[in-house]
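One structure is given here, and the rest of the page talks about it.
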2 protein chains.
Amino acid sequence: MADIYRALADPTRRAVLDELYERDRQTLFELCGRLAMKHGVASSRQAVSQHIAVLEEAGLVRAEREGRYRFHTIDTAPLREIAERWPARGRKDGQT
Amino acid sequence: MADIYRALADPTRRAVLDELYERDRQTLFELCGRLAMKHGVASSRQAVSQHIAVLEEAGLVRAEREGRYRFHTIDTAPLREIAERWPARGRKDGQT
DNA sequence: TTGACATGCAAGTGGAAGCTTGCGTATTGT
DNA sequence: ACAATACGCAAGCTTCCACTTGCATGTCAA
């Protein structure tokens with residue numbers, strides 16, 4: 001399982017997570033279109049594909065094939081590692 | 001305020017945060033020594049200094065000068081942005 | 001089967017990131 | 001004052017990263 005922090009380092013990859021968080025089970029083409037429309041991301045299909053590969057290696061995105069389509073789904077579970085590594089300490093407002 | 005995600009992307013910077021999380025108000029020299037001892041980080045003083053600069057720009061580390069010393073302190077507040085951006089949804093175990 | 005569609009792979013390129021190197025500045029102890 | 005300490009600045013180098021480009025694979029409809 002690859003580096004989750006490095007996966008989050010790129011703004012385009014974060015936009016992919018944003019988009020998948022809004023709507024799960026999107027194909028690569030759907031993602032490209034919606035990224036361009038709603039997130040101002042003008043990346044090519046190949047670029048987005050490579051970003052998705054990084055997110056998959058980090059466990060943040062899962063994909064399942066159906067025919068010639070590949071549907072992508074976000075998995076926020078690995079993000080908990082971050083909050084658990086440096087938890088907010090001893091403040092009245094700190095929760096997780 | 002610079003990119004918090006990019007600041008977390010480097011393993012040495014994460015080790016700095018780990019070390020400051022254990023013990024606040026460390027100088028650059030203290031950090032270098034403790035990183036080498038306890039975290040297996042063999043970075044030079046200048047390298048660590050540059051990493052700290054990145055962490056400061058991201059708001060994750062604050063520093064206050066006293067004489068010829070500069071004491072560094074961790075600030076975990078910016079990390080909440082991550083948990084709040086992709087909160088765990090609708091699972092029985094998800095909290096923040 | 002054939003063409004169109006959705007995706008996969010892999011080499012090459014430009015630029016940013018991390019590190020080193022060398023010198024400079026400010027503070028402290030004797 | 002003078003040396004030692006702690007840190008700062010900036011140029012140069014090397015490596016990695018994101019993107020492109022071109023072609024290949026697999027699936028579906030007619």
Side-chain angles (χ1 to χ4, degrees), chain A residues 1-20 23-37 39-58 60-74, chain B residues 1-20 23-37 39-58 60-74:
Chain A
M1 193 72 72
D3 195 340
I4 177 185
Y5 300 96
R6 204 188 72 75
L8 292 177
D10 187 89
T12 300
R13 285 196 287 269
R14 297 196 293 271
V16 169
L17 291 182
D18 287 337
E19 181 51 41
L20 285 178
R23 171 190 274 236
D24 253 345
R25 283 185 64 81
Q26 293 194 53
T27 67
L28 178 57
F29 268 24
E30 278 181 290
L31 270 171
C32 286
R34 287 173 150 259
L35 284 173
M37 295 290 104
H39 301 269
V41 174
S43 296
S44 71
R45 180 184 63 85
Q46 291 85 348
V48 174
S49 177
Q50 286 169 357
H51 282 307
I52 289 178
V54 174
L55 291 169
E56 283 190 79
E57 286 177 11
L60 288 165
V61 164
R62 300 187 186 285
E64 46 181 327
R65 191 148 211 139
E66 282 181 24
R68 61 176 155 177
Y69 300 106
R70 230 172 84 99
F71 296 104
H72 302 89
T73 304
I74 190 174
Chain B
M1 191 72 72
D3 197 341
I4 177 186
Y5 300 95
R6 205 187 70 76
L8 292 177
D10 187 89
T12 301
R13 286 197 286 269
R14 295 196 294 269
V16 169
L17 291 182
D18 287 337
E19 182 51 42
L20 285 178
R23 171 189 275 233
D24 253 344
R25 283 185 64 81
Q26 293 194 52
T27 67
L28 179 58
F29 268 26
E30 278 180 290
L31 270 172
C32 286
R34 287 172 150 262
L35 284 174
M37 295 290 105
H39 300 269
V41 174
S43 295
S44 71
R45 178 184 63 86
Q46 291 84 347
V48 174
S49 177
Q50 288 168 356
H51 282 306
I52 288 178
V54 174
L55 290 170
E56 283 189 78
E57 285 176 12
L60 289 165
V61 164
R62 300 186 185 284
E64 46 182 328
R65 190 145 211 138
E66 283 180 24
R68 63 174 152 177
Y69 300 106
R70 228 172 87 99
F71 296 103
H72 301 89
T73 305
I74 190 175

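Letters A, B, ... are given to chains in the order of the sequence lines, protein chains preceding strands, and every chain is numbered from 1.
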Rounded to whole angstrom units, what separation is found between the [atom1] atom of [X] and the [atom2] atom of [N]?
X	N	atom1	atom2	value
B:E64	D:dC7	CD	C1'	16 Å
B:D10	D:dT15	CG	P	17 Å
B:R25	D:dA6	CZ	P	16 Å
B:L55	C:dG18	CG	P	10 Å
B:D3	C:dG18	CG	P	11 Å

Q.
Quick check: on DNA chain D, is the nucleotide nearest A:R6 upstream (toward 5') of the one nearest A:S44, or the reverse? Name the residue that is more 5'.
A.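 Counting from the 5' end, the first nearest nucleotide belongs to A:R6.
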
(Q) If you assign A:G67 and A:T12 each to the DNA chain D nucleotide with the nearest heavy atom, which residue ends up on the more 5' nucleotide? (A)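 The residue whose closest nucleotide sits nearer the 5' end is A:T12.
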
Just verifying a value: how many Å separate [X] [atom1] and [Y] [atom2], rounded to the nearest 0.5 Å?
X	Y	atom1	atom2	result
A:H72	A:E56	NE2	CD	5.5 Å
B:D18	B:H39	CG	NE2	6.0 Å
A:L20	A:L55	CG	CG	8.5 Å
B:E66	B:T27	CD	OG1	11.5 Å
A:L17	A:T12	CG	OG1	11.0 Å
A:D3	A:L8	CG	CG	9.0 Å

**Q.** A:R25/A:E64 salt bridge by N-O under 4.0 Å criterion
**A.**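 Yes.
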
**Q.** Taking every non-hydrogen atom, the tightest pair across A:S44 and A:C32
**A.**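 Answer, listing the atom of A:S44 first, then A:C32: O-SG, 4.4 Å.
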
(Q) Does D:dC17 have OP1 or OP2 under 4.0 Å away from a side-chain N or O of A:H51? (A)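 Checking D:dC17 against A:H51, no side-chain N or O comes under 4.0 Å of OP1 or OP2.
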
Q) Does B:R13 place a side-chain N or O at less than 4.0 Å from the phosphate oxygens OP1/OP2 of C:dA17? A)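 For B:R13, the contact criterion (side-chain N or O under 4.0 Å from OP1 or OP2 of C:dA17) is not met.
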
Q. Just by protein heavy atoms under 4.0 Å, how would nucleotides 3-13 of chain C read 5' to 3' in B, S and -?
A. --BSBBBB---

**Q.** Axial bend angle, the helix from C:dT1-D:dA30 to C:dT30-D:dA1: five-pair end segments, nearest 10°
**A.**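 Nearest ten degrees gives 30° for this helix.
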
Q | Donor-acceptor pair, side chain of A:R6 and main chain of B:P11, under 3.5 angstrom | A |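 Side chain of A:R6 to backbone of B:P11, a donor-acceptor pair under 3.5 Å: no, none is there.
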
